[in-house]
Amino acid sequence: MTLKTATNAHAAPKIDLIIDTDPGADDVVALLFALASPQELNVRALTTVAGNVRLDKTSRNARLAREWAGREEVPVYAGAPKPLVRTPIYAEDIHGKEGLSGIAVYEPGKGLAKGSAIPYLIDTLKSAEPHSITIAMLGPQTNLALALIQEPGIVQGIKEVVVMGGAHFNGGNITPVAEFNLFADPQAAEVVLNSGVKLTYLPLDVTHKILTSEARLNQIAALNNNASRLVGSILNEYIKGDMEHYGLPGGPVHDATVVAYLLKPQLFSGRSVNVVIDSREGPTFGQTIVDWYDGLKAPKNAFWVESGDAQGFFDLLTERLARLK
Ligand code: BDR
Ligand code: CA
């Protein structure tokens, strides 16, 4: 069976985009990457969720990323402070107490937008042109799940949901089989999956193939602007944990792969699959079960990205960071 190279389903002049995020070191890199790409991405809003750290910190870190990108016109809406059903978990061991490894945080100049992310999502998607809005999902999927539960009809406004999450070939990063974003709120991911939206997953299978190297970090550092210094400081600290834990030669920048996929899907390949999310208590809680070989002949409900061009990713990231101050 051959792998299909991902095609750009977003050939429209600009992708109308909402970024749902739990910053998070790699989230911040993803946000800088996206906000540096206004030619292709019309970022309507950032919506924040509890995940890597608590909601007040993820919301502050999203506002910091917005400030660092010089994009204060983009509203930041804070969303769900906890998962749908399960007890909250955080990843301070990886991202640091403040949710941002390698740099000092502070209160940004501009505050949050008024109102919660959930009514924002409902109102925006309800009044949107049919299938016009893409949602980049960089954390637990709680916000969109809550919006879908309240107003199932909002699927009409969604063009595609692109998720960083899940793991099949790679195994998990929070349990032997579960990836953090899915483990942090599997019930929410199930709601999104069952809504029937067009869904693309960038799991650990691909993010663990797109690793930093000394040369790649040097190419970012050579930009010598504020954004490159921030990304360098964040990544140099962030990658240590994964390199040590997995014995990898470099570290993944998980969430930023979603932005690269939106900008240049030809860098990635994958396959339409049937995926099931395990939300039962037990050792497989949060696992994504992917029928890669179509043994079940079950309906395909997601595009599962399995590999990507690592150097192409870092070249694109570097090119975009060069556009920031
Ligand atoms: C995912 O989990 C979070 O810690 C990262 O920000 C990323 O979204 C990787 O498993
Ligand atoms: Ca994240």
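These numbers come from a predicted model, not from an experiment. First listed ligand is number 1; within each ligand, the first listed atom is number 1. For reference, positions follow the sequence shown, starting with 1.
Screening Thr21, Thr48, Thr58 against Asp27 for a side-chain hydrogen bond (donor to acceptor under 3.5 Å, both in side chains) leaves a single residue, Thr21. Considering Gln219, Lys264, Arg216 in turn, Gln219 is the only one that fulfils the side-chain hydrogen bond (donor to acceptor under 3.5 Å, both in side chains) rule with Asp315.
When you scan the N, O or S atoms of Asp22 for the one nearest the Ca ion (ligand 2), you land on OD1. Distances from the Ca ion (ligand 2) to each N, O or S atom of Asp255 single out OD2 as the nearest.
Every N/O-N/O distance between Asp22 and ligand 1 stays at or above 3.5 Å. At least one N or O atom of Asn181 sits closer than 3.5 Å to an N or O atom of ligand 1. Considering backbone and side-chain N/O of Leu204, none are found under 3.5 Å from N/O of ligand 1. Checking only distances, His254 never comes within under 3.5 Å of ligand 1, N or O to N or O.
You'll find the side chain of Trp292 reaches within 4.5 Å of the side chain of Trp304, heavy atoms only. Looking at Thr288 and Pro203, their side chains never come closer than 4.5 Å, going by heavy atoms from C-beta outward. Using a 4.5 Å heavy-atom cutoff, the side chains of Leu324 and Trp68 are not in contact. Glu92 is listed as a side-chain neighbour of Val53, based on a closest heavy-atom distance under 4.5 Å.
Ion pairing of Lys300 with Asp294 is present here, as a side-chain N (NZ or NE/NH1/NH2) and a carboxylate O approach within less than 4.0 Å. One finds no salt bridge joining Asp185 and Arg86 here, because no Lys/Arg side-chain nitrogen approaches an Asp/Glu carboxylate oxygen to under 4.0 Å. Look at Arg71 and Glu67 and you find no salt bridge, because none of the NZ, NE, NH1 or NH2 atoms lies under 4.0 Å from a carboxylate O.
Side-chain atoms of Asn42 never come within 3.5 Å of backbone atoms of Lys14 as a donor-acceptor pair (strictly under, hydrogens ignored).
When hydrogens are left out, the protein atom nearest atom 6 (O) of ligand 1 is Asp26 OD1, 2.6 Å; that is the closest non-hydrogen contact. Protein heavy atom nearest atom 8 (O) of ligand 1, with residue, atom name and distance: Asp255 OD1, 2.7 Å. Atom 10 (O) of ligand 1 has its closest protein heavy atom at Glu179 OE2, 2.5 Å.
Neither the backbone nor the side chain of Ile174 has a heavy atom within less than 4.0 Å of ligand 1. Residue contacts with ligand 1 for Ile94 are absent, since no atom lies close enough (heavy atoms, distance under 4.0 Å).
Near Leu138, the atoms of ligand 1 lying under 4.0 angstrom from a non-hydrogen atom of the residue are 8 (O). Of all atoms in ligand 1, numbered sequentially from 1 with element shown, those under 4.0 Å from a heavy atom of Met164 are 1 (C), 7 (C), 8 (O), 9 (C).
The Ca ion (ligand 2) lies under 3.0 Å from an N, O or S atom belonging to Leu138.
At least one heavy atom of Asn52 sits closer than 4.0 Å to an atom of ligand 1.
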